[in-house]
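Report on the structure given below.
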Amino acid sequence: MTDRALSGGNARDRGGPAQPLLLVRELKKHFPGKGRWLGRREMVQAVDGVSFSLAKGTTLGVVGESGCGKSTTARLLLYLIKPDAGEVIFDGEAVGVPQGLTIRELRVQMQMVFQDSYSSLNPRATIADIVAFGPRTAKHLRRQPARERAERLLEQVGLRPSFFARRYPHELSGGQRQRVNIARALALQPRLLILDEAVSALDKSVEAQILNLLADLRRDLDLTYIFISHDLNVVRHVSDRVVVMYLGRIVEAGSVEDIFRRARHPYTQALLRAMPSMDPDRRTAAPPLIGDPPNPINPPSGCRFRTRCAFAEEVCAQVSPRLDPIDRQHEVACHMMESGAGHSRSHIAAGADG
Amino acid sequence: MTDIAVVQPAIKPGEQPDSEPRGYWRTVGDRLLHDRVTLGVAAVLLVIISLAAFAPWAATHDPLQGSVIRRLKPVGTPGYFLGTDETGRDIWSRLVYGGRLSLVCGITPVLLATMIGGMLGLLAGVGGRLLNTLIMRVVDVFYAFPSVLLAIAICGVIGAGIGNTILSLTVVFIAPIVRVTESLTTQIKTRDFVEAARASAAPLFAIIRHQILPSVLGGILVYATSLVSISIILSAGLSFLGLGVTPPNPEWGLMLNALRQSIFVNPIVAALPGVAIVITSLCFNLLSDGLRSAMDIKLQT
């Protein structure tokens, strides 16, 4: 099913293989909360200074509890929500600045697959029209070529066009609808696909089919993925690099091995302990984390995880830890990993590291 | 990424491939053609409209020619099968001719208001907070007046006549249509599929036309058709006050008013213009109902 013509091959690669496809710096979004009457408006700090880079042809997994800002980050990257601050650089070109990439140009190259496969498809449009909508409106293709492209894409995601093209979304199963969503996202021939909990709502067997499809497409079309999920097993399976988010900030980033075998941040470690295991001897009964994440309207001072952290000390409340590299690719935002940060355990970590 | 072993499903054997792919509006049209009630109602409306349009041929008498010797004849009188009114004019001929003005005064304002109000409502729905506030607060001002009073006030200022009646009724109907459209649009625009369309680099106009409009149009049409009957009655009221159609011109509302006094002498004849209004507005309401269920493709016919 390889279709180089559809993917555009490497012809659109501008910065070369060393240039990250996506570079995000200090992305910020604070939503106005329920304003108090005649008072200062409270802000929900949904995303607060997120930075990461994404190499071409790789998959970046984004994990974290619900409400930690994963989906907001995805929408910010596509400028579906306007960021308050921060920079997005796509293949060496800054987005939304003069002489940079326009938001429309960005959206052609970066597409998203939504979590809810049903509500993200127009209930009053046929499958073919849904997939053809982007090419027709954004690329001004005529009806016939757009339809042909839509049918090719449906074929590519494993839906026979002769049967599915004129169906409506409510006539399809969840897995089929998610295939349509993927076809729609691919219709503009993007280079980067954001998968926002794209397989979370599917049952396990369908999930596996969709994951295989995504793997095939990535290989055939030279795609780069941002894979957002709360399912650690899936993230481990698909990702090359993983970032862990907590309350709008990245607390740890690293390769799959770094995160799943050498996790350093107490939050990541707790998440991993909460992972369901197939091995009956390794099942845990005790919850590794107690309570809910704090309210993002009034996040804790300093380190945001300190209220649930077993190692929290004075310094954690006062100083916000920076996301610092402890290894070539492995970054952690924790005072314990920073020598001289003032945490009683920071020397241990520094010693173990060196 | 390594492949997970799965049973390949996707397409079951025995599924019949479909013929030529169709769009949404073609599907709606097909569904309408299979809806007997809607087809019947449409046929009745067609008869009413063509009777009015071809009134000179359909009428049996001159609608303005009265006679003192045959006043208030009952239904079934030879030569006057729907009877005569208080000045001896033939009811059937007056109903047929009256349909012209009544239908024009009933349908035109609603059509115009739907176009203008729908546009404003969509604009308020997709526009920013400032535009929304601007449009909706102006609409609120119009809402503050009872619709009859507003129509009278406008007609009183700009003068009597059919054109002015249509204009004033259009103004009256814009406000509710803007409100209905705006609320439908704000509901739809937060849905994921609109966000997905935004993410697909489509221009705003295309998103409105292909994603938002098909979803809100059904609701607007249903509401607008329900206004047709109100419009007929309101224009009759304006005529009664001397602000719309002037006697002796036949118009259903005017006829109803004139025959009011004869209700104890010949109640059936006096009710006939009302029956015409009821049948017409009922047909419009049923038509809109059929249209709505045809547009709701999730319902199986």
Side-chain angles (χ1 to χ4, degrees), chain A residues 59 75 78 80 103-108 110-112 114-116 118-126 128-130 133-134 136-139 147 151 158-170 175-176 179 181 184-185 187-188 205-206 208-209 211-212 214-216 218-219 237-238, chain B residues 1-28 30-31 128-129 187-188 190-218 294-300:
Chain A
T59 298
R75 283 169 166 77
L78 267 169
L80 288 172
I103 289 166
R104 181 157 294 163
E105 285 165 343
L106 171 79
R107 285 177 181 168
V108 171
M110 189 198 290
Q111 284 283 300
M112 177 155 158
F114 292 78
Q115 169 173 19
D116 187 337
Y118 186 60
S119 75
S120 54
L121 299 176
N122 186 347
R124 291 169 198 278
T126 60
D129 285 341
I130 289 171
F133 177 73
R136 282 202 70 188
T137 55
K139 296 211 161 173
R147 175 168 284 282
E151 288 182 355
L159 297 174
R160 204 175 57 212
S162 58
F163 182 73
F164 286 100
R166 53 173 278 192
R167 302 267 150 200
Y168 288 93
H170 70 272
Q176 289 166 341
R179 285 172 193 265
N181 265 315
R184 189 245 314 268
L188 293 173
S205 63
V206 179
Q209 292 163 17
L211 288 176
N212 284 348
L214 288 171
D216 290 343
R218 188 178 87 156
R219 191 186 56 236
H237 175 74
V238 301
Chain B
M1 287 207 223
T2 48
D3 271 16
I4 309 164
V6 286
V7 190
Q8 271 303 323
I11 300 156
K12 299 174 208 78
E15 283 170 346
Q16 288 303 305
D18 289 324
S19 53
E20 185 61 17
R22 300 169 305 172
Y24 171 63
W25 295 112
R26 286 282 297 280
T27 312
V28 171
D30 275 10
R31 287 167 60 101
R129 186 177 293 173
Q187 260 174 45
I188 290 294
T190 52
R191 299 269 291 275
D192 275 355
F193 70 84
V194 179
E195 191 156 59
R198 286 212 297 137
S200 70
L204 183 64
F205 179 73
I207 294 173
I208 293 175
R209 197 182 140 207
H210 294 284
Q211 312 288 337
I212 296 178
L213 203 56
S215 309
V216 300
L217 205 56
M295 288 178 75
D296 194 354
I297 42 145
K298 267 177 280 179
L299 295 173
Q300 296 297 317

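Each chain gets a letter, A, B and so on, in the order its sequence line appears, and its residues count up from 1.
For the set A/I103, A/L106, A/L121, the entry with the most heavy-atom pairs within less than 4.5 Å of chain B is A/L121. The greatest number of non-hydrogen atom pairs below 4.5 Å with chain A, out of B/A199, B/A197, B/P203, B/A202, is found for B/A199.
Residues A/Q111 and A/R184 share a closest heavy-atom pair of OE1-O, 4.2 Å.
In this structure, the portions of A/L80 lying under 4.5 Å from any heavy atom of chain B include both its backbone and its side chain.
At a threshold of 4.5 Å between non-hydrogen side-chain atoms, the residues A/R75 and A/M112 count as touching.
With A/R124 contributing its side chain and B/M295 its backbone, the two residues share a donor-acceptor pair below 3.5 Å.
Under the rule for a salt bridge (charged side-chain N to carboxylate O under 4.0 Å, His left out), B/R191 has no partner lying at least two apart in sequence or in another chain.
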